[in-house]
Each structure stands twice: as C-alpha cells, then as structure tokens.
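First listed ligand is number 1; within each ligand, the first listed atom is number 1.
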Amino acid sequence: MFLYSNTILILIFSSILIRAQQNNVCKEFIQYMTKTDGCYYNPDQNTELPDIVKRMGYPVENYTVTTDDSYILTVFRIPRPGAKPVFVQHGISVSAICFTDTLNDSLAYVLYDAGYDVWLGNFRGNRYANKHVFLNTDTLAYWNFSFHEMGKYDLKSQLGLVYEETNQKIYYIGYSMGTTASYIYNILHPEESLQKLNIMVSLAPIAYLRNMSEIFESLAELWMPLEPEISTITHGVVQQRSEFSTFLTETLCLSNTITMFICQVFTQSFVGMDLEQLRAETLPIVSVQNPDAASTKTITHYAQFVNSKRFQYFDYGRTANTRIYGDPIAPLYDISNITIPIYLMHGENDQLATMSNVENFFKDLPESTKKNGKFLVPYKKFNHLDFISAKDQKSLLYDPLVNFLKNPIL
Ligand SMILES: *[C@@H]1O[C@H](CO)[C@@H](O)[C@H](O)[C@H]1NC(C)=O
Ligand SMILES: *[C@@H]1O[C@H](CO)[C@@H](O)[C@H](O)[C@H]1NC(C)=O
Ligand SMILES: *[C@@H]1O[C@H](CO)[C@@H](O)[C@H](O)[C@H]1NC(C)=O
Ligand SMILES: *[C@@H]1O[C@H](CO)[C@@H](O)[C@H](O)[C@H]1NC(C)=O
Ligand SMILES: *[C@@H]1O[C@H](CO)[C@@H](O)[C@H](O)[C@H]1NC(C)=O
C-alpha cells in the first residue's frame, strides 16, 4: 500500500514537471501519436480562468458575492462598462472556465467582441465557488444542495450584483443546468426577475427529462439505491478537482490519439455521438479544465426528474416532504409562473435536452414568454457537449446567438 501510493505520488510529481515543458496540444488528431509536428505547448491547460482570459488579450475582473445562505461565489467579468450586460451561467460539473477555454471561439470572447459587457457566473461547489461563511467544504452539510439552491440563492446574489454594478437589465444566457436554475430563479423570485432580466437564452434547455435514452433511464434508476452509500463515502460530492484527477485524465484520455479516441467514444455514447465536431487543438484543454465538482444531491434531483417524469422540487420522501412542503408529494415547479421571455437553442443529437423534451417544454411555456420561438442548431449531430466545445460552435451557435441578441422581442 505504501509503495503503491508512493509510486502514484512520484508519477503525479513527474507529470507536473513534464507538463511544464511538453507539447500538450496539436492541430490534428493524428499528430498526437508523436506530439511533434503541428504541436505546441498551450499554458491554458494548467492555469486558471483569469490567466486564460488575459492571455487571449481580454481584460478580466472578479467579484465576490455571499448568498443569503452563506455560500461565497466568484463572478468573473470581461468588462465593457456602459455596454449591455450579458450574464452567462455554466452547467453541471463544470465552471465558468468552459466559456473561456476554447481559444478565441469561446462564448465569452464572442460576446465581448460583439460589444457586450460579459459576466460569468459560478455555481456553488465549483473551484471558483467553494467557500462558505461557516461550513467546512468537506462536509455533507456544505454539499447539501441541488440546482434548486442555485436558482434560489446563487442566481439571486449574482444577478443582484450585475444589476447593481450596471444599472441595466441583463441578458441571461444559461447552458444546461444554467437553464434549469434560471427557470427556478424566475419562478421563485418573480418581482426581481422582472426588474433585472430582459431575456433568458437557454442553450441545451433542461427542465423536462421525460423522454430520455435508455442509458439515462437505466442510470437514473440505478443511481437512487446507490446514492446514500455514495454520498456517505464521498461527503456528497463527486468529480472534485485534484492533481490526481488531472493526472488520470492526462494519462488515460490524452496520452495519444488512440486513448483520446477511446475516451471520446465512451463519453459520446452518453451525450450523443459526434466525433466530427471534436477539435484536436482544444480537446486537451477542455478535458482537463472543464470538469468540476457536482454534489450528489444535484445528480439525485435530476435522476428524480427522469424517474418521476416531473419538473419538481427535490423529493425527500413522503414524511419529510410533508414536513418541508406540507404535502407528501414534492410540488411541481409551476412553469406557468415563468414570466421572462425565453429563447431556446437546442441540438438534434442532444441526449439530455432531447428534441421531444425541448419541444414539450416549449409547448407548456406561457405564450407571453415564447414570442421569439426557438432555434435548432443547423447540424444534425450537435450533442450536449458541443454547446461548449464543438469545432464549429461559433458559426453554428454563437454567431446566431449574437445575431438574436441584437433584436429580441422583449
Ligand atoms: C481575483 O482577483 C484578485 C486580484 O487580481 C486575485 O488575487 C484573485 O486570485 C482573483 N480570484 C480569482 C478566483 O481568480
Ligand atoms: C481566431 O484565431 C484564429 C486562429 O489563430 C484566427 O485565424 C482568427 O482570425 C481569430 N479570430 C478572431 C475573431 O480574432
Ligand atoms: C439537507 O437539507 C434538508 C432540507 O433543508 C434538511 O432536511 C437536511 O437535514 C439537510 N441535511 C444535511 C446533512 O445537512
Ligand atoms: C421519445 O423520443 C423518441 C425518439 O427520441 C421518439 O420516437 C418518441 O416519440 C418520444 N416519445 C415521446 C413520448 O415524446
Ligand atoms: C404561481 O402563480 C400563481 C398564480 O399567479 C400564484 O398563486 C403562486 O403563488 C405562484 N407560485 C410561486 C411559486 O410563486
């Protein structure tokens, strides 16, 4: 055991040393066999969001907010004071870095270049939001949250900050869980929403998880009985970042063209197959930088959506539900209470925000919120991860998004 852990330590240590010198990205996948021709060292793989943004030639600031339930979050800004503010909110098990780490095609730069004052939110638990006023962050009590709290508290504080700093109504852009939380924010904070938000753009919208692939149906069913054990062992958090997790990713999934291919086929068997949109030059960056912590409770809450086919509050079980909600059945999030105009942007091969889930959700939205219609990415294989890492994300999605923002029906 001692020998084993020592070996791992030495491996990690040498991988850190080597990382500082080696070519880590290549223009073409085949070049990863040797990592020589067409390859170079991109420091984005080993730095943090502000360093990446500065290296790309953009200004960057950070702000700190403390939520009403005492979580401490960082909000980043690529400032253009006086311009229209856009607030961009990431999805599950990633951080705001996912909008900055695909070279100059990243959403944050596309928005800034289009003339916006760009704000990037961070949900509780990720590396830029893992502080709390009094809770220790390795306790179950700290990780006792799902996207419900992100909508109720995190968005309230973050949007409050942006509104206070800019004195303008905000263009909200959410991706995946960033959309779920935005609906919850709107439903729970109706007056604030109307005061602070112009529009909610939903990239890969997640509210209904009724019609899922068999893989996700099975995973959601499997997860429920395992969850208590997993939560106890992990203190309620999975995929937390560490030197070790980075080392594993680099060794197992990035060492050469073949391991890269195997890992991508595995990942895409869940999110939707689209090997064509993988970008050789940024895959090692996003593979290392994007993954971040997710609370087991967040996963459970989504699994409940799949199993119950309802867009509902967290289900604590009949007894606790009665105590907490005054009803043995967890209440629905009332979609008819959504008041902010919404623009849904979705992909045909997205195995989470599936066509029928998105269409059914759109059908149920109040008429007053859906005057802008919705947008289907004009590329058949566009999957859930392509929204933040596709080779052609700019031309397929971000350019149409910027175009839409010029003249939405509000
Ligand atoms: C925020 O900015 C300060 C000052 O530039 C810096 O020291 C700090 O590391 C930044 N925080 C984050 C989370 O990037
Ligand atoms: C982005 O980078 C590419 C490759 O370096 C370059 O050809 C392109 O002009 C850049 N685009 C912008 C908008 O700066
Ligand atoms: C988590 O929150 C729920 C609801 O507020 C509460 O009933 C439960 O006791 C909390 N669990 C922990 C471990 O803090
Ligand atoms: C679920 O999706 C499949 C294909 O993804 C489709 O054929 C089926 O009609 C959908 N079912 C419902 C109830 O929407
Ligand atoms: C939703 O709207 C109804 C009717 O307008 C209202 O009675 C209810 O309190 C609202 N729900 C929430 C969670 O605000």
Please confirm whether [X] and [Y] have ring centers closer than 6.0 angstrom.
{"X": "His148", "Y": "Tyr153", "result": "no"}
{"X": "Tyr316", "Y": "Phe314", "result": "yes"}
{"X": "Tyr142", "Y": "Tyr71", "result": "yes"}

What pairs meet the salt bridge (charged side-chain N to carboxylate O under 4.0 Å, His left out) rule with one or both residues in residues 200-227, with sequence neighbours excluded? Glu217-Lys309

Can you find an N/O atom of Arg323 closer than 3.5 Å to an N/O atom of ligand 3?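 In this structure, Arg323 places no N or O atom under 3.5 Å from an N or O of ligand 3.
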
Pairwise, report which nitrogen or oxygen atoms of ligand 2 are under 3.5 angstrom from protein nitrogen or oxygen atoms, and how far apart they are.
residue  : atom   : partner : partner atom : Å
ligand 2 : 2 (O)  : Asn104  : OD1          : 3.4
ligand 2 : 2 (O)  : Asn104  : ND2          : 2.4
ligand 2 : 11 (N) : Asn104  : ND2          : 2.8
ligand 2 : 14 (O) : Asn104  : ND2          : 3.3

Has Tyr316 got any heavy atom lying under 4.0 angstrom from an atom of ligand 3? yes

Do any nitrogen or oxygen atoms of Thr74 lie less than 3.5 angstrom from nitrogen or oxygen atoms of ligand 1? no

Residues forming a salt bridge (Lys or Arg N to Asp or Glu O under 4.0 Å) with Glu61, sequence neighbours excluded: Arg77

Is the Lys NZ or Arg CZ of Lys84 less than 6.0 Å from the centre of Tyr116's six-membered ring, within 45° of the axis? no

Which of the numbered atoms in ligand 1 are under 4.0 angstrom from any heavy atom belonging to Pro50? 14 (O)

I'd like to check the side-chain hydrogen bond (donor to acceptor under 3.5 Å, both in side chains) partners of Tyr128; sequence neighbours left out, ordered by chain and number. Glu48

Is a side-chain donor or acceptor of Gln89 paired with a backbone partner of Thr179 at a separation under 3.5 angstrom? no

